[in-house]
Amino acid sequence: MLHKGGCHCGRVRFEFEADESPEVLRCNCSMCTKSGLLHLIIPRAAFTLLTPWDELANYTFGTGVAQHYFCATCGIRSFYLPRSNPDGISINYLCVDEGTLKDVVIDEFDGQNWEDNAASLAHLSRE
């Protein structure tokens, strides 16, 4: 099923293929807790950015592997390239347009102990 989403101001827009009831995760790491991110991880091939990449800003920290993209205008991080799933995209569920996702259950993920738990996310980005 095709879903669409984007940032607050509308400058960043994307679309992606996923089930209508995907797995969504709330991570308790410092980054996700402070930003309120809810992860909907999908295969990278299922994601299409409709906005030019140069309209996005990027933030990295720690290992520098995860690429946290956000709108350079409104500052909303609507998706990022996760270290846990280098073949995937983590979409911020809160940035998905209303109407196509149904019966979503938000599961907890222990990102404070990321090294011990990251492998449990690998299945989310497989096609």
Side-chain angles (χ1 to χ4, degrees):
M1 175 171 239
L2 185 67
H3 309 279
K4 295 183 180 198
C7 67
H8 183 260
C9 73
R11 185 171 216 140
V12 175
R13 294 294 298 161
F14 57 84
E15 59 188 26
F16 64 99
E17 291 282 339
D19 293 336
E20 69 177 357
S21 299
E23 186 174 344
V24 174
L25 302 166
R26 180 184 353 264
C27 176
N28 65 0
C29 79
S30 61
M31 181 72 165
C32 295
T33 299
K34 289 180 184 285
S35 64
L37 182 78
L38 295 176
H39 299 267
L40 192 168
I41 300 173
I42 61 166
R44 194 175 296 189
F47 178 85
T48 303
L49 181 63
L50 303 173
T51 302
W53 283 94
D54 63 357
E55 292 194 25
L56 296 158
N58 185 13
Y59 173 69
T60 63
F61 65 97
T63 64
V65 174
Q67 302 292 308
H68 298 269
Y69 289 97
F70 57 96
C71 176
T73 301
C74 69
I76 297 298
R77 180 172 54 139
S78 50
F79 71 93
Y80 83 104
L81 308 178
R83 182 171 74 145
S84 64
N85 297 71
D87 58 342
I89 297 276
S90 179
I91 295 168
N92 185 351
Y93 168 70
L94 300 171
C95 292
V96 177
D97 294 350
E98 292 183 21
T100 59
L101 296 175
K102 300 178 174 24
D103 303 320
V104 173
V105 174
I106 299 170
D107 294 321
E108 302 299 321
F109 176 75
D110 183 10
Q112 288 181 359
N113 298 295
W114 191 89
E115 297 295 339
D116 295 333
N117 298 309
S120 70
L121 303 175
H123 72 284
L124 297 172
S125 55
R126 291 189 190 125
E127 291 198 54

Residues Lys102, Met1; criterion side-chain contact (heavy atoms from CB on, under 4.5 Å); working and verdict: CA-CA 12 Å; Lys102 300 178 174 24; Met1 175 171 239; 5.8 Å; no
Leu56 and Val12: CA distance, side-chain angles, deciding distance, side-chain contact (heavy atoms from CB on, under 4.5 Å) verdict: CA-CA 8 Å; Leu56 296 158; Val12 175; 3.4 Å; yes
Working for side-chain contact (heavy atoms from CB on, under 4.5 Å), residues Glu23 and Asp107: CA-CA 8 Å; Glu23 186 174 344; Asp107 294 321; 3.9 Å; yes
Steps toward side-chain contact (heavy atoms from CB on, under 4.5 Å) verdict (Glu17, Leu2): CA-CA 5 Å; Glu17 291 282 339; Leu2 185 67; 3.7 Å; yes
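For the 3.5 Å distance criterion, the side chains of Ser21 and Asp103 fail to qualify, holding no donor opposite an acceptor. Asn113 and Asp116 share no donor-acceptor pair across their side chains, judged by distance under 3.5 Å alone.
Of all non-hydrogen atoms in Gly5 and Asp97, the two that sit nearest each other are CA-OD1, 3.4 Å. The heavy-atom pair separating Cys32 from Cys27 by the smallest distance is CB-O, 3.6 Å. Residues Gly88 and Pro82 approach most closely at O-CD, 3.5 Å, considering heavy atoms.
The side-chain heavy atoms of Val104 and Leu40, taken from C-beta on, include no pair separated by under 4.5 Å. Arg44 has its side chain within reach of Ile89: a pair of non-hydrogen atoms, C-beta onward, lies under 4.5 Å apart. Here the side chains of Leu49 and Glu55 are not in contact, with every heavy-atom distance at 4.5 Å or above. Taking 4.5 Å as the limit, some side-chain heavy atom of Leu25 sits within range of a side-chain heavy atom of Leu124.
For an aromatic pair to be called close, the ring centres must be under 6.0 Å apart, and Phe47 with Phe14 satisfies this.
Not one N or O on the side chain of Thr60 forms a donor-acceptor pair closer than 3.5 Å with the backbone of Gln67. A donor-acceptor contact shorter than 3.5 Å is absent between the side chain of Asn92 and the backbone of Phe79. Not a single donor-acceptor pair under 3.5 Å links the side chain of Arg126 to the backbone N or O of Pro43. A donor-acceptor pair under 3.5 Å is formed between the side chain of His3 and the backbone N or O of Ala18. A distance-only check finds no donor-acceptor pair linking the side chain of Ser84 to the backbone of Ala118 [under 3.5 Å].
In this structure Tyr80 satisfies the ring-ring contact (aromatic ring centres under 6.0 Å, His included) test together with His39, His68, sequence neighbours excluded. In this structure Phe109 satisfies the ring-ring contact (aromatic ring centres under 6.0 Å, His included) test with no other residue, sequence neighbours excluded.
Under a cut-off of 6.0 angstrom, the local environment of CZ in Arg83 is crowded, with over 12 non-hydrogen atoms contributed by other residues, nucleotides or ligands.
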